[in-house]
Amino acid sequence: MPLRSLALGAAALAATSFIATTSFTTSREPAPASAPAPAPAPGTPGSPAPGAPATTPIAAAAHAHDYTGRVIAKSGLLLRDKPTRGSRIIGSAAYGSIVHIFCKTQGDTVNGNDRWYLLTDGTWAWGSAAYISNIGAAPRWC
């Protein structure tokens with residue numbers, strides 16, 4: 001067997017092994033939060049200069065698209081797998097709860113509102129914007 005065929009076979013086996021051992025979860029429980037890395041001591045490499053902001057540019061960019069909203073549906077918000085009223089329900093959010101929004105898109109109209117938000121609370125799910133009140137800036141488009 002040529003050496004190239006052996007290398008390609010080994011690469012395919014490695015990819016298959018990776019896919020087989022990678023776990024995907026559909027749990028509605030939020031993932032456990034990892035402990036933040038300790039901040040470097042002042043004056044050491046990697047520590048912020050005196051008077052500099054506590055966050056790094058990378059951390060600030062990560063929070064640039066951190067949108068939130070509050071559920072205003074008295075009976076709670078149904079979370080769906082697509083931005084449509086007839087799609088599968090995969091969870092719910094209680095009245096008054098805070099939800100984290102990744103982006104918005106157009107979908108089925110609910111109470112005159114065709115916007116849907118992609119929520120990132122433990123699972124990726126869609127919620128009708130008709131039942132979510134923005135806190136802060138309106139989410140970006142998907």
Side-chain angles (χ1 to χ4, degrees), residues 1 4-142:
M1 182 180 287
R4 179 179 166 102
S5 295
L6 286 174
L8 290 174
L13 180 61
T16 303
S17 297
F18 172 77
I19 292 170
T21 59
T22 303
S23 67
F24 295 95
T25 181
T26 57
S27 171
R28 293 184 189 145
E29 295 296 320
S34 59
T44 60
S47 66
T55 60
T56 65
I58 294 171
H63 294 289
H65 297 293
D66 189 20
Y67 305 106
T68 56
R70 182 178 312 276
V71 175
I72 57 172
K74 297 286 185 189
S75 60
L77 174 67
L78 296 178
L79 305 178
R80 300 183 178 272
D81 66 348
K82 296 177 186 154
T84 61
R85 297 178 77 166
S87 62
R88 187 170 59 99
I89 297 170
I90 58 175
S92 63
Y95 171 76
S97 62
I98 303 296
V99 292
H100 298 277
I101 305 166
F102 184 71
C103 61
K104 67 182 172 185
T105 193
Q106 287 183 309
D108 284 355
T109 300
V110 178
N111 293 340
N113 187 338
D114 69 347
R115 302 284 194 266
W116 286 73
Y117 294 152
L118 181 57
L119 307 177
T120 61
D121 297 304
T123 186
W124 292 81
W126 293 95
S128 172
Y131 300 121
I132 301 172
S133 176
N134 292 334
I135 299 173
R140 66 182 177 91
W141 287 96
C142 296

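A quick note: this is a predicted structure, and the numbers were derived from the prediction, not measured.
You'll find the side chain of Leu118 stays beyond 4.5 Å of the side chain of Thr105, heavy atoms only. Proximity of Arg80 to Ile90: side-chain heavy atoms (C-beta onward) are nowhere separated by under 4.5 Å.
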Open item on the list: The test is side chain to side chain donor-acceptor pair (under 3.5 Å); show your working for Asn113 and Tyr131 and say whether it passes.
Closed with: CA-CA 9 Å; Asn113 187 338; Tyr131 300 121; over 6 Å; no
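Across all non-hydrogen atoms, the minimal contact from Ala94 to Val71 is O-CB, 3.4 Å. Minimum interatomic distance between Gly86 and Asp108 (heavy atoms only, all atoms of both residues): N-OD2, 4.3 Å.
Residues forming a side-chain contact (heavy atoms from CB on, under 4.5 Å) with Thr109 (at least two apart in sequence, or on another chain): Asp114. Ile72 pairs by the side-chain contact (heavy atoms from CB on, under 4.5 Å) definition with Ser133, not counting sequence neighbours. Asn134 is linked by a side-chain contact (heavy atoms from CB on, under 4.5 Å) to Ile101, Tyr117, Ala138, Pro139, counting only residues two or more places apart in sequence or in another chain.
Within the structure, the disulfide (SG to SG under 2.5 Å) test picks out the following pairs touching residues 103-142 (sequence neighbours left out): Cys103-Cys142. Applying the salt bridge (Lys or Arg N to Asp or Glu O under 4.0 Å) test to residues at least two apart or on different chains, none of the pairs has a partner in residues 126-137. Applying the salt bridge (Lys or Arg N to Asp or Glu O under 4.0 Å) test to pairs two or more places apart or on separate chains, those with a residue in residues 83-92 are Asp81-Arg88.
The OG1 atom of Thr68 sits 11.0 Å away from the CG atom of Leu119 when rounded to the nearest 0.5 Å. Considering CG of Asn111 and OG of Ser128, their distance stands at 7.0 Å, rounded to 0.5 Å. Taking CG of Leu77 as the start and OG of Ser97 as the end, the distance is 7.5 Å to the nearest 0.5 Å. Separation of atoms CD1 (Ile135) and NE2 (His100) is listed at 9.0 Å; rounding is to 0.5 Å.
Residue Phe102 is tested with Trp126, Tyr67, Trp124 for a ring-ring contact (aromatic ring centres under 6.0 Å, His included); the sole match is Trp124.
Cation-pi geometry between Lys104 and Trp141 is met: under 6.0 angstrom from the ring centre, within 45 degrees of the axis.
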